[in-house]
Asker: 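If you scroll down you'll find the structure; I have some questions about it.
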Amino acid sequence: MPPYIRNLIAIALSVVLVLALLSPAVDAAGIRPSWHQGRNHDRHHAPDGRHTTTLWTRLRESATELLFGRPPVAKSNILLPNAAQKSQYGKDVVLRFNVTNSDEEAALASATDQLLFLDVWAFTREFVDIRLDKEYVPSLIKLLPSSLEPSVLIPDVGAAVLATYPSKVGLGPNFDSSTPESASFEEIFNSNKFDPDRMQKMIDGVDHIFFSDYQPLSVISNWMHLLQTMFPAITELKTIGQSFEGRPIEALRIGERNTDKIENGPRKTILVTGGLHGREWISTSTVNYLLWSVLTTFGNEPLMTKLLQRFDIVFVPVLNPDGYDYTWETDRLWRKSRQQTKHFCRGLDLDHAFGFEWDAAKHRTDPCSQSYGGDEPFQAIEASELANWAKNETEHNVKFVGFLDLHSYSQQILIPYSYTCLVDPPNRENLEELAIGLAKSIRLSSGEQYSVASACEGAIASSDDDDDVDSASPHIESGGGSAIDWFYHELQARYSYQIKLRDTGSYGFLLPRENIIPTGEEMLNAFKYFGDFLLGNNGIEKSYESVSAKNSKSFGDAQWSDLKRRKR
């Protein structure tokens with residue numbers, strides 16, 4: 001290049017650069033056009049809503065980039081999927097074994113004990129699903145009877161993992177504050193263009209924003225604080241304990257306390273939990289959906305209004321915040337807590353950590369096992385914190401009458417006991433009656449089939465006359481130390497259920513985001529049935545006709561008639 005051309009370019013760049021460096025002073029003097037505001041300070045809104053950039057801005061940016069290179073892209077505060085997870089799980093598959101007898105189940109149980117690289121995803125009366133590296137499939141097959149021929153449910157776990165993360169990962173240059181539906185919930189929540197009017201738009205369209213994606217822990221926490229601020233008369237945000245790594249375990253209590261329709265005595269309470277296992281994102285999303293739906297229907301739907309007048313409902317979306325956060329940052333399929341153990345393998349299975357009949361799961365003594373509940377009851381910090389909070393509540397005029405522990409997957413409604421099939425819960429008939437009603441309400445609302453079973457059953461359904469079902473053969477997963485057993489037996493929560501949500505295996509724990517709202521709607525209809533049942537019986541096994549005249553008078557004859565009619 002001739003010297004005079006290089007000199008001209010240098011002079012031109014110098015002039016542009018000087019002007020660029022002087023532009024802040026020009027801004028300060030008020031010469032900046034009136035459309036300058038917010039983060040899009042160099043972008044003009046055209047009449048059709050598109051963004052245009054001034055020639056001056058383009059020259060300035062071009063000169064700066066030419067001299068100093070392109071500026072680094074600002075990192076979004078939205079958690080991005082870890083690219084390493086694609087390679088981490090890229091060779092993994094999920095296999096389904098259709099189990100038909102106890103010998104086959106025993107063989108699978110033995111194999112899971114011998115082969116630590118097996119991850120049992122689900123077990124029902126009909127099948128067992130297992131995740132493993134494709135290269136280990138022959139090793140597994142050798143340990144099983146020839147009758148157990150697996151089928152492939154998920155051929156590429158790595159791709160399925162990445163598909164569950166949020167669809168939007170940043171504000172981008174075309175972010176428009178006037179159209180909240182075009183952005184993700186976290187973008188709206190953290191944008192510096194946030195204002196009350198925009199908040200109302202966000203709330204009005206929450207089904208299309210907050211529930212359009214799975215949300216990380218920080219967003220869920222902010223959202224719960226926001227709901228408490230928006231509905232102060234009927235909500236109370238509480239921290240019921242801290243996780244092993246020091247994160248708060250947050251709960252939102254909903255109920256109308258200031259009403260003369262509340263009878264004297266302990267305040268009847270329903271507890272709804274999710275996220276005991278970190279990777280079960282749909283459980284957390286569904287608890288949030290129920291929480292939002294209960295709040296927004298209070299005062300608008302008679303059933304929900306009556307329910308909140310007579311009951312408190314406590315929602316705990318993420319009981320295992322360490323494990324849940326870890327699934328976002330490091331390992332999407334992490335199940336347990338993040339608590340240190342005596343072994344290099346970290347984490348405890350919270351649903352095998354509660355104190356009632358904890359030793360029924362004593363064969364799970366390997367800290368590397370996905371079902372490891374610790375070396376003693378309540379060794380898991382999060383399980384201990386929940387239990388201590390609940391016991392403290394009962395000492396302060398609270399009576400737990402219902403417990404719904406949401407999990408995934410396999411579309412089951414499970415009743416106590418989990419630790420054994422040899423002992424029936426005293427009100428088994430009522431538990432099954434309500435569970436069948438919950439399943440029916442889901443089927444009528446969405447067409448999805450949810451089965452009802454005892455939580456003690458392994459892959460093989462036992463017959464009623466099999467008195468030795470527990471000792472006949474090992475189950476795929478023992479149920480000792482479960483949350484539903486502890487709340488049922490220790491706190492007398494007479495309607496205690498573990499509900500395993502969608503789906504039946506096509507995606508397993510990696511349920512696509514499009515299922516968040518449908519699953520939430522299913523559970524909302526089931527929850528309404530659950531509330532109707534408790535309203536009719538006051539949380540006790542008695543018929544409508546046996547309600548005392550005093551209660552009928554205080555609650556209103558018309559309301560009782562309405563409840564009886566809907567119950568039939």
Side-chain angles (χ1 to χ4, degrees), residues 185 199-212 215 220 223-237 251-259 261-262 267-274 282-317 401-404 406 434 437-438 440-446 495 497 499 501 516-539 555-556 558-560 562-563 565-567:
F185 182 87
M199 168 59 71
Q200 190 59 52
K201 291 180 180 180
M202 178 194 71
I203 295 301
D204 290 343
V206 70
D207 285 358
H208 305 290
I209 301 173
F210 186 79
F211 298 108
S212 63
Q215 303 295 348
I220 293 171
W223 185 70
M224 292 176 70
H225 283 258
L226 173 64
L227 293 181
Q228 197 276 331
T229 301
M230 293 179 60
F231 302 92
I234 60 172
T235 62
E236 179 186 9
L237 185 64
L252 198 66
R253 182 191 300 274
I254 307 177
E256 185 184 30
R257 293 300 187 98
N258 299 321
T259 172
K261 294 180 180 179
I262 299 177
R267 179 67 171 177
K268 299 182 182 69
T269 299
I270 304 166
L271 176 63
V272 184
T273 58
I282 191 62
S283 71
T284 290
S285 293
T286 304
V287 173
N288 285 328
Y289 194 92
L290 289 176
L291 165 57
W292 167 254
S293 300
V294 169
L295 276 176
T296 54
T297 54
F298 174 74
N300 298 317
E301 289 190 7
L303 173 61
M304 203 62 73
T305 302
K306 293 172 186 175
L307 186 63
L308 291 181
Q309 286 172 346
R310 299 181 67 85
F311 294 83
D312 280 349
I313 309 172
V314 179
F315 293 93
V316 185
V401 296
F403 176 48
L404 301 178
L406 304 191
L434 178 51
L438 298 177
K440 182 178 180 180
S441 67
I442 292 173
R443 185 176 70 253
L444 293 177
S445 67
S446 67
Y495 295 99
Y497 298 94
I499 302 180
L501 305 168
I516 295 174
I517 293 176
T519 305
E521 281 294 305
E522 286 175 358
M523 277 308 302
L524 177 58
N525 281 282
F527 189 77
K528 288 178 179 178
Y529 188 95
F530 187 82
D532 188 15
F533 188 95
L534 292 185
L535 278 171
N537 292 319
N538 286 323
F555 190 62
Q559 289 93 332
W560 282 116
D562 177 58
L563 287 174
R565 182 174 62 254
R566 285 187 287 110
K567 183 63 180 174

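Because the structure is a prediction, the values reported are computed rather than measured.
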Asker: Is there a side-chain contact between W292 and F211 (heavy atoms, below 4.5 Å)?
Answerer: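 They are in contact (side-chain heavy atoms under 4.5 Å apart), so the answer is yes.
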Asker: Closer than 3.5 angstrom, by distance alone: can the side chain of T305 be matched with the main-chain N or O of G299 as a donor-acceptor pair?
Answerer: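 Yes: the side chain of T305 pairs with the backbone of G299.
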Asker: Taking the side chain as every heavy atom from C-beta outward, state whether N288 and I220 have any atom pair closer than 4.5 Å.
Answerer: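 Heavy-atom side-chain distance check passes, below 4.5 Å.
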Asker: Can you check whether P317's main-chain N or O pairs, donor with acceptor, with T284's side chain at less than 3.5 Å?
Answerer: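 Yes.
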Asker: Can you measure from OG (S285) to CG (L290) and round to the nearest 0.5 angstrom?
Answerer: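 One gets 11.0 Å once the value is rounded to the nearest 0.5 Å.
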Asker: Find the distance between OG1 (T297) and CG (L303) and round it off to the nearest 0.5 Å.
Answerer: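 Answer for the OG1-CG pair, T297 versus L303, is 8.5 Å.
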Asker: Just so I know, are the side chains of Y497 and L434 near enough to count as touching, which here means a heavy-atom distance under 4.5 Å?
Answerer: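 SC-SC contact between Y497 and L434 confirmed.
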Asker: Assess whether a salt bridge exists between R310 and E256, defined as any Lys/Arg side-chain N lying under 4.0 Å from an Asp/Glu carboxylate O.
Answerer: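 The answer is no: the pair does not qualify as a salt bridge.
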Asker: Apply the test side chain to side chain contact (heavy atoms under 4.5 Å, CB included) to residues L227 and L252: give CA-CA distance (whole Å), side-chain angles for both, the deciding distance (0.1 Å), then the verdict.
Answerer: CA-CA 9 Å; L227 293 181; L252 198 66; 4.3 Å; yes
Asker: Look up atom CE in M523 and atom OG in S283, then write down how far apart they are to the nearest 0.5 Å.
Answerer: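 That separation rounds to 11.0 Å.
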Asker: Quick one: side chain to side chain contact (heavy atoms under 4.5 Å, CB included) partners of S446, sequence neighbours excluded?
Answerer: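 Per chain and number, S446 pairs via side chain to side chain contact (heavy atoms under 4.5 Å, CB included) with I442, E448, R502, E522.
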Asker: Any side-chain heavy atom of F315 within less than 4.5 Å of one from M224?
Answerer: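 A side-chain contact under 4.5 Å is absent here.
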Asker: Output yes when a side-chain donor or acceptor of T519 lies under 3.5 Å from a complementary backbone atom of I516, and no otherwise.
Answerer: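 Between the backbone of I516 and the side chain of T519 there is no qualifying donor-acceptor contact (under 3.5 Å).
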Asker: On a heavy-atom basis, which atom in A526 and which in S441 lie closest, and how many Å separate them?
Answerer: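 Nearest heavy atoms, A526 then S441: CA-OG, 3.3 Å.
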Asker: Nearest 0.5 Å, what's the CE-CG distance between M304 and L535?
Answerer: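 Between atom CE of M304 and atom CG of L535 there are 10.0 Å.
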Asker: Can you find a heavy atom in the side chain of L534 that is under 4.5 Å from one in the side chain of V401?
Answerer: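 L534 reaches V401 side chain to side chain.
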Asker: Between P232 and T229, what is the shortest heavy-atom contact and its length?
Answerer: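 What the structure gives for the nearest pair is CD-O, 3.4 Å.
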Asker: Tell me the closest heavy-atom pair linking I209 and Q215, and the distance in Å.
Answerer: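 Residues I209 and Q215, closest heavy atoms: O-NE2, 3.9 Å.
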Asker: Do V272 and V316 have side-chain heavy atoms sitting under 4.5 Å apart?
Answerer: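 Result no, sub-4.5 Å side-chain heavy-atom pair not found.
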Asker: How long is the span from the CD1 atom in I270 to the CD1 atom in I313, to the nearest 0.5 Å?
Answerer: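 If we round to the nearest 0.5 Å, I270:CD1 and I313:CD1 are 5.0 Å apart.
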Asker: Is any side-chain heavy atom of L307 less than 4.5 Å from a side-chain heavy atom of V294?
Answerer: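 Answer no - side chains too far apart.
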Asker: Do you know which two heavy atoms are closest between T269 and F311, and how far apart they sit?
Answerer: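 Smallest heavy-atom distance, with atoms named: N-CD2, 4.5 Å.
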Asker: Determine, step by step, whether W223 and L291 satisfy the side chain to side chain contact (heavy atoms under 4.5 Å, CB included) criterion, reporting the C-alpha distance in whole Å, the side-chain angles of both residues, the deciding distance to 0.1 Å, and the verdict.
Answerer: CA-CA 11 Å; W223 185 70; L291 165 57; 3.9 Å; yes
Asker: Which pair of non-hydrogen atoms, one from L404 and one from F530, has the smallest distance, and what is that distance?
Answerer: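 Closest heavy-atom pair between L404 and F530: CD2-CE1, 3.9 Å.
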Asker: In this structure, is the centre-to-centre distance between the rings of Y495 and F533 below 6.0 Å?
Answerer: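 That pair passes the under 6.0 Å test.
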Asker: Looking only at heavy atoms, what is the nearest atom pair of L501 and I282, with distance?
Answerer: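 In this case the closest contact between L501 and I282 is CD1-O, 3.9 Å.
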Asker: Nearest 0.5 Å, what's the OG-CG distance between S445 and N525?
Answerer: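 Reported to 0.5 Å precision, the distance equals 4.0 Å.
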Asker: Of all residues at least two apart in sequence or in a different chain, which pass the side-chain hydrogen bond (donor to acceptor under 3.5 Å, both in side chains) check with D312?
Answerer: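 Listed in chain order: R257, R267.
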Asker: Quick one: ring-ring contact (aromatic ring centres under 6.0 Å, His included) partners of F527, sequence neighbours excluded?
Answerer: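 Partners of F527 under the ring-ring contact (aromatic ring centres under 6.0 Å, His included) test: none.
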Asker: Between R253 and T235, does a side chain to side chain contact (heavy atoms under 4.5 Å, CB included) hold up when you go through it step by step?
Answerer: CA-CA 5 Å; R253 182 191 300 274; T235 62; over 6 Å; no
Asker: If we only count heavy atoms from C-beta on, is the E236 to Q228 side-chain gap below 4.5 Å?
Answerer: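 Sidechains of Q228 and E236: no contact.
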